[in-house]
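First the structure, in the form of structure tokens, and then the observations on it.
If you read the sequence from its start, that first residue is 1, and numbering goes on from there.
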Amino acid sequence: MAGGIGSRFWPMSRNNYPKQFIDILGTGKSLLQQTYDRFATICPKENIYVVTNEAYTGFVYNQLRGLLKTTYFAEHSEEVQLHA
């Protein structure tokens with residue numbers, strides 16, 4: 001799961017650009033991309049699912065080009081979350 005706004009990483013992490021989309025570790029990849037890469041080594045890409053806030057779907061799409069559009073889901077609100 002890559003949720004939350006990452007308030008401990010402020011000022012790098014903001015509501016409009018949270019921690020999971022930032023290259024916090026200086027590796028050239030965001031935390032989300034690193035997590036995706038780790039999972040891609042142990043399971044088929046079509047079995048990797050991402051659930052995110054609908055405000056972040058553009059980030060997910062841009063950062064995970066190999067991810068099928070049918071394997072990520074957008075929540076409308078932070079209060080109503082899909083079960084992990």
Side-chain angles (χ1 to χ4, degrees):
M1 294 184 56
I5 60 170
S7 58
R8 289 183 296 262
F9 293 109
W10 184 88
M12 264 197 314
S13 178
R14 304 285 182 124
N15 283 339
N16 63 342
Y17 200 69
K19 67 183 180 303
Q20 58 265 34
F21 304 113
I22 298 173
D23 177 15
I24 291 175
L25 302 175
T27 63
K29 292 189 175 190
S30 70
L31 296 175
L32 178 66
Q33 290 168 317
Q34 291 177 38
T35 302
Y36 177 82
D37 290 347
R38 284 193 306 273
F39 274 98
T41 64
I42 60 172
C43 67
K45 291 180 181 179
E46 60 270 12
N47 291 346
I48 300 173
Y49 293 87
V50 175
V51 178
T52 189
N53 185 289
E54 68 183 350
Y56 304 139
T57 56
F59 293 128
V60 171
Y61 178 74
N62 288 328
Q63 290 195 3
L64 302 179
R65 294 290 182 169
L67 188 68
L68 302 171
K69 282 191 172 186
T70 57
T71 59
Y72 69 89
F73 303 92
E75 299 175 324
H76 299 293
S77 167
E78 291 179 7
E79 289 80 32
V80 179
Q81 297 181 348
L82 292 172
H83 297 289

**Q.** Side chains of Tyr36 and Leu32 in contact at under 4.5 Å (non-hydrogen atoms)
**A.**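 With C-beta onward as the side chain, the pair stays apart.
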Q.
With rounding to the nearest 0.5 angstrom, report the CG to CZ distance, Leu64 to Phe59.
A.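 The CZ atom of Phe59 is 12.5 Å from CG of Leu64, to the nearest 0.5 Å.
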Q) Ser30: what forms a side chain to side chain donor-acceptor pair (under 3.5 Å) with it, not counting sequence neighbours? A)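 Only Gln33, Gln63 meet the side chain to side chain donor-acceptor pair (under 3.5 Å) criterion with Ser30.
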**Q.** Positive for side-chain contact (heavy atoms from CB on, under 4.5 Å) with Val60, one of Val51, Asn53, Thr52
**A.**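 Of the listed residues Val51, Asn53, Thr52, the side-chain contact (heavy atoms from CB on, under 4.5 Å) partner of Val60 is Thr52.
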Q: Please report the C-alpha distance between Ile42 and Phe39 in whole Å, then the side-chain angles of each, then the deciding distance to 0.1 Å, and finally whether the side-chain contact (heavy atoms from CB on, under 4.5 Å) criterion is met.
A: CA-CA 5 Å; Ile42 60 172; Phe39 274 98; 4.3 Å; yes
Do you know the tightest heavy-atom contact between [X] and [Y]?
{"X": "Thr27", "Y": "Gln34", "answer": "OG1-NE2, 2.8 Å"}
{"X": "Arg65", "Y": "Asn62", "answer": "NH2-OD1, 3.2 Å"}
{"X": "Lys19", "Y": "Leu31", "answer": "O-CD1, 3.7 Å"}

Q. Partners of Thr41 by side-chain contact (heavy atoms from CB on, under 4.5 Å), sequence neighbours excluded?
A.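 Scan of Thr41 (side-chain contact (heavy atoms from CB on, under 4.5 Å), adjacent residues dropped) gives none.
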Q: For Thr35 and Arg38, run side-chain contact (heavy atoms from CB on, under 4.5 Å): C-alpha distance rounded to whole Å, both residues' side-chain angles, the deciding distance at 0.1 Å, then the answer.
A: CA-CA 5 Å; Thr35 302; Arg38 284 193 306 273; 3.2 Å; yes
